[in-house]
Number of protein chains: 2
Amino acid sequence: MSGSIGRVADKSDPVYKADDTPFDVFSRTCPSRPVLEHVTGRWGSLVLAALQNGPVRFNDLRRRVDGVSQKVLAQTLHALERDGFVNRHQLSVFPLRVEYTLTPPGQDVAAKLLELITQVEASMDSVLAFRQDYDSNAAAGHTARA
Amino acid sequence: MSGSIGRVADKSDPVYKADDTPFDVFSRTCPSRPVLEHVTGRWGSLVLAALQNGPVRFNDLRRRVDGVSQKVLAQTLHALERDGFVNRHQLSVFPLRVEYTLTPPGQDVAAKLLELITQVEASMDSVLAFRQDYDSNAAAGHTARA
DNA sequence: TAGTGCGGTTTCCAAAAGAAACTATAGCTT
DNA sequence: AAGCTATAGTTTCTTTTGGAAACCGCACTA
(Lines give C-alpha, C1' and ligand atoms only; values in the text may rest on other atoms or scores of the structure.)
Protein backbone atom coordinates (compact mmCIF):
# COMPACT_ATOMS: atom_id res chain seq x y z
CA MET A 1 0.00 0.00 0.00
CA SER A 2 2.99 2.26 -0.09
CA GLY A 3 5.41 2.65 -2.96
CA SER A 4 3.12 5.06 -4.70
CA ILE A 5 3.80 8.62 -5.71
CA GLY A 6 3.02 10.14 -2.40
CA ARG A 7 -0.49 9.06 -1.85
CA VAL A 8 -1.11 8.81 1.82
CA ALA A 9 -4.85 8.75 2.12
CA ASP A 10 -6.38 5.43 2.99
CA LYS A 11 -7.55 4.01 -0.29
CA SER A 12 -9.12 1.00 1.34
CA ASP A 13 -11.77 3.40 2.54
CA PRO A 14 -14.42 3.09 -0.16
CA VAL A 15 -15.26 6.73 0.32
CA TYR A 16 -12.34 7.58 -1.90
CA LYS A 17 -12.98 7.46 -5.57
CA ALA A 18 -10.71 5.12 -7.44
CA ASP A 19 -8.85 6.97 -10.15
CA ASP A 20 -6.95 4.96 -12.61
CA THR A 21 -3.96 7.19 -11.94
CA PRO A 22 -1.45 6.76 -9.12
CA PHE A 23 -1.86 10.44 -8.29
CA ASP A 24 -3.96 11.75 -5.47
CA VAL A 25 -4.34 15.46 -4.85
CA PHE A 26 -5.59 14.75 -1.36
CA SER A 27 -2.16 13.62 -0.37
CA ARG A 28 0.12 16.38 0.79
CA THR A 29 3.17 14.89 -0.87
CA CYS A 30 1.65 13.99 -4.21
CA PRO A 31 3.15 15.99 -7.08
CA SER A 32 -0.33 16.59 -8.41
CA ARG A 33 -1.03 18.85 -5.46
CA PRO A 34 1.10 21.82 -6.60
CA VAL A 35 -0.11 21.32 -10.16
CA LEU A 36 -3.70 21.56 -9.01
CA GLU A 37 -2.74 24.69 -7.13
CA HIS A 38 -1.31 26.26 -10.25
CA VAL A 39 -4.48 25.42 -12.13
CA THR A 40 -7.03 26.35 -9.50
CA GLY A 41 -5.08 29.13 -7.91
CA ARG A 42 -6.53 32.58 -7.67
CA TRP A 43 -5.09 33.68 -11.01
CA GLY A 44 -4.21 30.39 -12.67
CA SER A 45 -7.84 29.55 -13.25
CA LEU A 46 -8.61 32.90 -14.83
CA VAL A 47 -5.49 32.86 -16.96
CA LEU A 48 -6.24 29.42 -18.34
CA ALA A 49 -9.82 30.37 -18.99
CA ALA A 50 -8.75 33.56 -20.73
CA LEU A 51 -6.44 31.62 -23.01
CA GLN A 52 -9.23 29.41 -24.29
CA ASN A 53 -9.95 31.56 -27.30
CA GLY A 54 -6.61 31.51 -28.99
CA PRO A 55 -3.29 33.24 -28.43
CA VAL A 56 -3.11 36.19 -26.10
CA ARG A 57 -0.25 38.54 -25.43
CA PHE A 58 1.05 39.49 -22.02
CA ASN A 59 -0.53 42.87 -21.65
CA ASP A 60 -3.77 41.74 -23.25
CA LEU A 61 -3.91 39.03 -20.66
CA ARG A 62 -3.36 41.61 -17.97
CA ARG A 63 -6.30 43.59 -19.20
CA ARG A 64 -8.55 40.56 -19.54
CA VAL A 65 -7.73 39.10 -16.20
CA ASP A 66 -8.82 42.22 -14.45
CA GLY A 67 -6.85 42.96 -11.31
CA VAL A 68 -3.80 40.79 -11.70
CA SER A 69 -0.45 42.45 -11.15
CA GLN A 70 2.41 42.10 -13.59
CA LYS A 71 4.54 40.23 -11.14
CA VAL A 72 1.94 37.65 -10.28
CA LEU A 73 0.85 37.25 -13.88
CA ALA A 74 4.43 36.53 -14.84
CA GLN A 75 4.76 34.04 -11.97
CA THR A 76 1.50 32.36 -12.88
CA LEU A 77 2.49 32.06 -16.52
CA HIS A 78 5.90 30.66 -15.62
CA ALA A 79 4.35 27.98 -13.44
CA LEU A 80 1.76 27.04 -16.06
CA GLU A 81 4.41 27.02 -18.75
CA ARG A 82 6.66 24.74 -16.75
CA ASP A 83 3.74 22.41 -16.16
CA GLY A 84 3.21 22.25 -19.90
CA PHE A 85 -0.22 23.87 -19.86
CA VAL A 86 0.66 27.05 -21.67
CA ASN A 87 3.12 27.78 -24.39
CA ARG A 88 5.16 30.93 -24.56
CA HIS A 89 6.01 32.04 -28.04
CA GLN A 90 8.13 35.06 -28.78
CA LEU A 91 7.05 36.38 -32.14
CA SER A 92 9.39 39.22 -32.81
CA VAL A 93 12.20 41.09 -31.20
CA PHE A 94 10.50 44.27 -32.04
CA PRO A 95 7.87 45.46 -31.00
CA LEU A 96 8.53 42.54 -28.64
CA ARG A 97 5.50 40.40 -29.12
CA VAL A 98 5.01 37.36 -26.92
CA GLU A 99 2.02 35.12 -27.39
CA TYR A 100 0.72 32.67 -24.86
CA THR A 101 -1.34 29.73 -26.01
CA LEU A 102 -2.79 26.62 -24.45
CA THR A 103 -1.09 23.31 -25.07
CA PRO A 104 -3.32 20.25 -25.61
CA PRO A 105 -3.21 19.30 -21.91
CA GLY A 106 -3.84 22.94 -21.12
CA GLN A 107 -6.93 22.89 -23.31
CA ASP A 108 -8.24 19.88 -21.46
CA VAL A 109 -7.96 21.46 -18.04
CA ALA A 110 -9.10 24.84 -19.32
CA ALA A 111 -12.25 23.21 -20.67
CA LYS A 112 -13.03 21.75 -17.26
CA LEU A 113 -12.26 25.08 -15.64
CA LEU A 114 -14.62 26.84 -17.98
CA GLU A 115 -17.39 24.48 -16.97
CA LEU A 116 -16.63 25.16 -13.33
CA ILE A 117 -16.63 28.90 -13.86
CA THR A 118 -19.90 28.74 -15.74
CA GLN A 119 -21.37 26.70 -12.91
CA VAL A 120 -20.19 29.20 -10.33
CA GLU A 121 -21.59 32.11 -12.28
CA ALA A 122 -24.87 30.24 -12.63
CA SER A 123 -24.96 29.68 -8.87
CA MET A 124 -24.46 33.33 -8.06
CA ASP A 125 -28.11 34.23 -7.61
CA SER A 126 -28.48 31.43 -5.13
CA VAL A 127 -25.25 32.42 -3.40
CA LEU A 128 -26.18 36.04 -2.99
CA ALA A 129 -29.65 35.18 -1.75
CA PHE A 130 -28.25 32.68 0.70
CA ARG A 131 -25.75 35.13 2.09
CA GLN A 132 -28.48 37.60 2.94
CA ASP A 133 -30.26 35.02 5.05
CA TYR A 134 -27.04 33.77 6.52
CA ASP A 135 -25.78 37.18 7.55
CA SER A 136 -29.02 38.33 9.08
CA ASN A 137 -29.41 35.09 11.01
CA ALA A 138 -25.85 35.36 12.22
CA ALA A 139 -26.52 38.88 13.40
CA ALA A 140 -29.62 37.68 15.22
CA GLY A 141 -27.61 35.12 17.17
CA HIS A 142 -25.39 32.56 15.59
CA THR A 143 -25.49 30.16 18.51
CA ALA A 144 -29.26 30.28 18.73
CA ARG A 145 -30.39 27.62 16.32
CA ALA A 146 -31.15 24.03 17.32
CA MET B 1 -23.07 49.33 -20.95
CA SER B 2 -22.99 49.96 -17.27
CA GLY B 3 -25.68 48.99 -14.81
CA SER B 4 -24.43 45.45 -14.59
CA ILE B 5 -23.15 43.69 -11.55
CA GLY B 6 -19.62 44.78 -11.90
CA ARG B 7 -18.67 43.47 -15.23
CA VAL B 8 -16.04 45.65 -16.68
CA ALA B 9 -14.55 43.51 -19.38
CA ASP B 10 -15.49 44.46 -22.90
CA LYS B 11 -18.28 42.11 -23.87
CA SER B 12 -18.49 43.46 -27.36
CA ASP B 13 -15.23 41.67 -27.96
CA PRO B 14 -16.40 38.35 -29.42
CA VAL B 15 -13.48 36.66 -27.73
CA TYR B 16 -15.50 36.58 -24.56
CA LYS B 17 -17.94 33.80 -24.21
CA ALA B 18 -21.48 34.93 -23.69
CA ASP B 19 -22.90 33.52 -20.48
CA ASP B 20 -26.53 33.90 -19.90
CA THR B 21 -25.72 35.31 -16.48
CA PRO B 22 -24.88 38.91 -15.69
CA PHE B 23 -21.85 37.72 -13.74
CA ASP B 24 -18.34 37.76 -15.06
CA VAL B 25 -15.44 36.43 -13.04
CA PHE B 26 -13.00 38.26 -15.26
CA SER B 27 -14.20 41.52 -13.84
CA ARG B 28 -12.44 42.56 -10.69
CA THR B 29 -15.57 43.98 -9.11
CA CYS B 30 -17.96 41.17 -9.93
CA PRO B 31 -19.24 39.38 -6.83
CA SER B 32 -18.61 36.07 -8.55
CA ARG B 33 -14.88 36.69 -8.27
CA PRO B 34 -14.55 36.03 -4.52
CA VAL B 35 -16.95 33.12 -4.80
CA LEU B 36 -14.77 31.55 -7.46
CA GLU B 37 -11.82 32.11 -5.17
CA HIS B 38 -13.53 30.28 -2.35
CA VAL B 39 -14.28 27.40 -4.66
CA THR B 40 -10.98 27.19 -6.51
CA GLY B 41 -8.81 28.32 -3.64
CA ARG B 42 -5.98 26.21 -2.42
CA TRP B 43 -8.14 24.41 0.13
CA GLY B 44 -11.67 25.17 -1.00
CA SER B 45 -11.36 22.88 -3.99
CA LEU B 46 -10.11 19.97 -1.92
CA VAL B 47 -12.71 20.51 0.78
CA LEU B 48 -15.57 20.54 -1.70
CA ALA B 49 -14.21 17.48 -3.43
CA ALA B 50 -13.80 15.68 -0.13
CA LEU B 51 -17.40 16.38 0.79
CA GLN B 52 -18.74 14.70 -2.33
CA ASN B 53 -19.25 11.36 -0.68
CA GLY B 54 -21.60 12.33 2.06
CA PRO B 55 -21.27 14.06 5.43
CA VAL B 56 -17.84 14.51 6.92
CA ARG B 57 -16.89 15.77 10.35
CA PHE B 58 -14.34 18.45 11.03
CA ASN B 59 -11.42 16.33 12.04
CA ASP B 60 -12.16 13.71 9.40
CA LEU B 61 -11.98 16.47 6.87
CA ARG B 62 -8.66 17.54 8.31
CA ARG B 63 -7.31 14.07 7.85
CA ARG B 64 -8.66 13.72 4.33
CA VAL B 65 -7.51 17.08 3.12
CA ASP B 66 -3.96 16.29 4.02
CA GLY B 67 -1.94 19.30 5.15
CA VAL B 68 -4.64 21.81 5.98
CA SER B 69 -4.37 23.57 9.30
CA GLN B 70 -7.29 23.83 11.69
CA LYS B 71 -7.44 27.57 11.33
CA VAL B 72 -7.55 27.58 7.58
CA LEU B 73 -9.97 24.67 7.42
CA ALA B 74 -12.33 26.55 9.71
CA GLN B 75 -11.98 29.70 7.59
CA THR B 76 -12.54 27.77 4.39
CA LEU B 77 -15.63 26.08 5.76
CA HIS B 78 -17.05 29.37 7.01
CA ALA B 79 -16.64 30.97 3.61
CA LEU B 80 -18.18 28.01 1.80
CA GLU B 81 -20.99 27.85 4.31
CA ARG B 82 -21.77 31.52 3.89
CA ASP B 83 -21.81 31.06 0.12
CA GLY B 84 -24.36 28.29 0.57
CA PHE B 85 -22.15 25.51 -0.77
CA VAL B 86 -21.73 23.57 2.42
CA ASN B 87 -24.03 22.96 5.30
CA ARG B 88 -22.89 22.80 8.90
CA HIS B 89 -24.92 20.54 11.11
CA GLN B 90 -24.24 20.12 14.79
CA LEU B 91 -25.36 16.64 15.75
CA SER B 92 -24.81 16.46 19.46
CA VAL B 93 -23.52 18.52 22.31
CA PHE B 94 -21.53 15.63 23.48
CA PRO B 95 -19.12 14.30 22.10
CA LEU B 96 -19.66 17.46 20.05
CA ARG B 97 -20.23 16.12 16.59
CA VAL B 98 -20.46 18.50 13.67
CA GLU B 99 -21.16 17.27 10.19
CA TYR B 100 -20.48 19.14 7.01
CA THR B 101 -22.43 18.31 3.87
CA LEU B 102 -22.80 19.74 0.39
CA THR B 103 -25.88 21.73 -0.46
CA PRO B 104 -27.41 21.26 -3.93
CA PRO B 105 -25.44 24.17 -5.39
CA GLY B 106 -22.40 22.79 -3.61
CA GLN B 107 -22.93 19.45 -5.28
CA ASP B 108 -23.05 21.11 -8.66
CA VAL B 109 -19.76 22.91 -8.27
CA ALA B 110 -18.15 19.96 -6.51
CA ALA B 111 -19.04 17.76 -9.46
CA LYS B 112 -17.30 20.16 -11.83
CA LEU B 113 -14.35 20.35 -9.49
CA LEU B 114 -14.09 16.60 -9.39
CA GLU B 115 -13.91 16.50 -13.16
CA LEU B 116 -11.18 19.11 -13.09
CA ILE B 117 -9.22 17.22 -10.47
CA THR B 118 -9.54 14.01 -12.41
CA GLN B 119 -8.33 15.80 -15.49
CA VAL B 120 -5.35 17.23 -13.65
CA GLU B 121 -4.42 13.86 -12.21
CA ALA B 122 -4.73 12.34 -15.66
CA SER B 123 -2.39 15.01 -17.05
CA MET B 124 0.30 14.37 -14.47
CA ASP B 125 2.42 12.02 -16.55
CA SER B 126 2.53 14.59 -19.29
CA VAL B 127 3.26 17.36 -16.80
CA LEU B 128 6.14 15.55 -15.14
CA ALA B 129 7.65 14.58 -18.46
CA PHE B 130 7.34 18.11 -19.76
CA ARG B 131 9.00 19.57 -16.71
CA GLN B 132 12.05 17.41 -17.19
CA ASP B 133 12.55 18.78 -20.66
CA TYR B 134 11.72 22.29 -19.60
CA ASP B 135 14.11 22.33 -16.70
CA SER B 136 17.02 20.84 -18.59
CA ASN B 137 16.51 23.25 -21.46
CA ALA B 138 16.30 26.14 -19.07
CA ALA B 139 19.52 25.00 -17.46
CA ALA B 140 21.15 24.81 -20.88
CA GLY B 141 20.32 28.42 -21.56
CA HIS B 142 16.90 29.87 -21.26
CA THR B 143 17.51 32.75 -23.62
CA ALA B 144 19.07 30.56 -26.25
CA ARG B 145 16.12 29.35 -28.25
CA ALA B 146 14.91 31.03 -31.44
C1' DT C 1 15.61 64.42 -26.53
C1' DA C 2 11.59 63.01 -24.44
C1' DG C 3 7.67 60.02 -24.73
C1' DT C 4 5.23 55.52 -26.02
C1' DG C 5 4.21 50.63 -25.78
C1' DC C 6 6.00 46.07 -25.01
C1' DG C 7 7.41 42.44 -21.66
C1' DG C 8 8.91 41.80 -17.94
C1' DT C 9 12.03 42.22 -12.93
C1' DT C 10 12.94 44.44 -8.56
C1' DT C 11 11.64 46.50 -4.30
C1' DC C 12 8.98 47.23 -0.57
C1' DC C 13 4.90 46.71 2.31
C1' DA C 14 0.40 44.53 3.50
C1' DA C 15 -2.26 40.41 3.59
C1' DA C 16 -2.73 35.62 4.02
C1' DA C 17 -1.27 31.00 5.37
C1' DG C 18 0.96 27.78 8.66
C1' DA C 19 2.48 25.89 13.33
C1' DA C 20 1.60 25.59 17.80
C1' DA C 21 -0.69 26.57 21.83
C1' DC C 22 -4.99 27.44 24.08
C1' DT C 23 -10.20 27.06 25.07
C1' DA C 24 -14.47 24.61 26.21
C1' DT C 25 -17.23 20.57 26.78
C1' DA C 26 -17.80 16.16 29.06
C1' DG C 27 -17.27 11.57 29.35
C1' DC C 28 -13.85 7.58 30.73
C1' DT C 29 -9.97 5.95 33.45
C1' DT C 30 -7.31 5.44 37.45
C1' DA D 1 -11.38 13.58 42.46
C1' DA D 2 -7.49 14.18 39.13
C1' DG D 3 -6.16 13.58 34.89
C1' DC D 4 -6.67 11.60 30.19
C1' DT D 5 -9.21 11.38 25.98
C1' DA D 6 -11.81 13.27 22.05
C1' DT D 7 -14.62 16.70 19.97
C1' DA D 8 -14.45 21.53 17.35
C1' DG D 9 -12.73 25.19 17.03
C1' DT D 10 -9.97 30.21 18.35
C1' DT D 11 -5.77 32.80 19.40
C1' DT D 12 -1.10 34.06 18.83
C1' DC D 13 3.00 34.35 16.44
C1' DT D 14 6.00 33.61 12.46
C1' DT D 15 6.73 32.76 7.72
C1' DT D 16 5.22 32.94 3.17
C1' DT D 17 2.74 34.99 -0.37
C1' DG D 18 0.43 38.75 -2.90
C1' DG D 19 -0.06 43.42 -4.60
C1' DA D 20 1.40 48.48 -5.92
C1' DA D 21 4.61 50.98 -7.76
C1' DA D 22 8.94 51.82 -9.67
C1' DC D 23 12.40 50.48 -12.68
C1' DC D 24 14.64 48.21 -16.81
C1' DG D 25 15.98 47.54 -21.86
C1' DC D 26 14.35 47.75 -26.23
C1' DA D 27 13.10 50.38 -30.45
C1' DC D 28 10.14 53.35 -32.79
C1' DT D 29 7.79 58.23 -32.94
C1' DA D 30 7.22 63.17 -32.37
Side-chain angles (χ1 to χ4, degrees), chain A residues 27-29 33-34 36-47 50-51 55-82 86-101 138 142-146, chain B residues 26-29 33-47 50-51 55-82 86-101 138 142-146:
Chain A
S27 166
R28 170 172 25 192
T29 53
R33 177 72 74 87
L36 184 72
E37 284 169 15
H38 299 157
V39 167
T40 62
R42 179 162 190 185
W43 300 113
S45 53
L46 293 176
V47 166
L51 288 176
V56 187
R57 303 208 324 265
F58 187 84
N59 281 314
D60 278 348
L61 212 42
R62 257 193 88 198
R63 281 182 283 272
R64 291 192 189 192
V65 180
D66 190 24
V68 69
S69 70
Q70 291 176 307
K71 185 185 81 171
V72 176
L73 179 57
Q75 278 179 357
T76 303
L77 285 168
H78 283 323
L80 292 174
E81 191 196 352
R82 195 174 92 97
V86 311
N87 197 279
R88 179 184 191 275
H89 192 130
Q90 184 163 328
L91 291 172
S92 62
V93 171
F94 188 75
L96 227 209
R97 245 146 229 283
V98 177
E99 271 185 3
Y100 292 92
T101 51
H142 49 77
T143 53
R145 64 235 221 262
Chain B
F26 288 99
S27 166
R28 171 173 24 192
T29 54
R33 178 72 75 86
V35 175
L36 183 70
E37 283 169 14
H38 298 157
V39 166
T40 61
R42 179 163 189 183
W43 300 113
S45 54
L46 293 176
V47 166
L51 287 176
V56 187
R57 301 203 328 249
F58 188 84
N59 281 315
D60 278 348
L61 211 42
R62 258 193 87 198
R63 282 182 283 271
R64 291 191 191 193
V65 180
D66 190 25
V68 70
S69 72
Q70 290 177 307
K71 185 186 79 170
V72 176
L73 179 56
Q75 278 179 356
T76 303
L77 285 168
H78 284 322
L80 292 174
E81 192 196 353
R82 196 173 93 98
V86 311
N87 197 280
R88 179 184 189 276
H89 191 122
Q90 183 164 328
L91 291 173
S92 62
V93 171
F94 187 76
L96 225 212
R97 247 146 229 282
V98 177
E99 270 185 4
Y100 292 92
T101 51
H142 48 78
T143 54
R145 60 226 217 273

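Residue numbers start from 1 in every chain, and the chains themselves are labelled A, B, ... in the order their sequence lines are given, proteins ahead of strands.
When distances run from any side-chain atom of H78(B) to the nucleotides dT7(D), dC6(C), dT10(D), the shortest one goes to dT10(D).
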Report task. Test side chain to side chain contact (heavy atoms under 4.5 Å, CB included) on L80(B) and V47(B) and set out the steps. Result -> CA-CA 9 Å; L80(B) 292 174; V47(B) 166; 4.1 Å; yes
Report task. Determine, step by step, whether V68(B) and L46(B) satisfy the side chain to side chain contact (heavy atoms under 4.5 Å, CB included) criterion, reporting the C-alpha distance in whole Å, the side-chain angles of both residues, the deciding distance to 0.1 Å, and the verdict. Result -> CA-CA 10 Å; V68(B) 70; L46(B) 293 176; over 6 Å; no
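Rounded to a whole Å, the CG atom of N59(B) is 9 Å from the P atom of dG9(D). R97(B) places its CZ atom 17 Å from the C1' atom of dA24(C), with the value rounded to the nearest Å. Atom CD of Q90(A) and atom C1' of dG7(C) are 9 Å apart (whole Å). R63(A) places its CZ atom 8 Å from the P atom of dG7(C), with the value rounded to the nearest Å. Straight-line distance from the CZ atom of R88(A) to the P atom of dC6(C): 15 Å, rounded to whole Å. Rounded to a whole Å, the CG atom of L77(A) is 11 Å from the P atom of dG7(C). Atom NE2 of H38(B) and atom P of dA17(C) are 10 Å apart (whole Å). Between the CZ atom of R62(B) and the C1' atom of dT10(D) there is a distance of 13 Å, given to the nearest Å.
Between F58(A) and L77(A), the closest side-chain pair of non-hydrogen atoms falls below 4.5 Å. Side-chain atoms of R42(B) and T40(A), non-hydrogen and from C-beta on, never get closer than 4.5 Å to each other.
To the nearest 0.5 Å, atom CD of residue E99(A) and atom CG of residue N87(A) are 10.0 Å apart. Between atom OG1 of residue T76(B) and atom OH of residue Y100(B) there is a gap of 10.5 Å, rounded to the nearest 0.5 Å.
Here the shortest heavy-atom pairing between L36(A) and S45(B) reads CD2-OG, 4.2 Å. Taking both residues in full, the closest heavy atoms of D66(A) and W43(A) are given as O-CZ3, 4.0 Å, listed atom of the first, atom of the second, then distance.
Side chain of R62(B) to main chain of S69(B): no donor-acceptor pair is present (N/O by atom type, distance under 3.5 Å, no hydrogens or angles).
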Report task. Going 5' to 3' through nucleotides 16-30 of chain D, assign each nucleotide B (protein heavy atom under 4.0 Å from a base atom), S (under 4.0 Å only from sugar-phosphate atoms) or - (no protein heavy atom that close). Result -> --BB--B----BS--
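The end-to-end axis angle of the helix from dT1(C)-dA30(D) to dT30(C)-dA1(D), rounded to 10 degrees and based on five pairs per end, is 30°.
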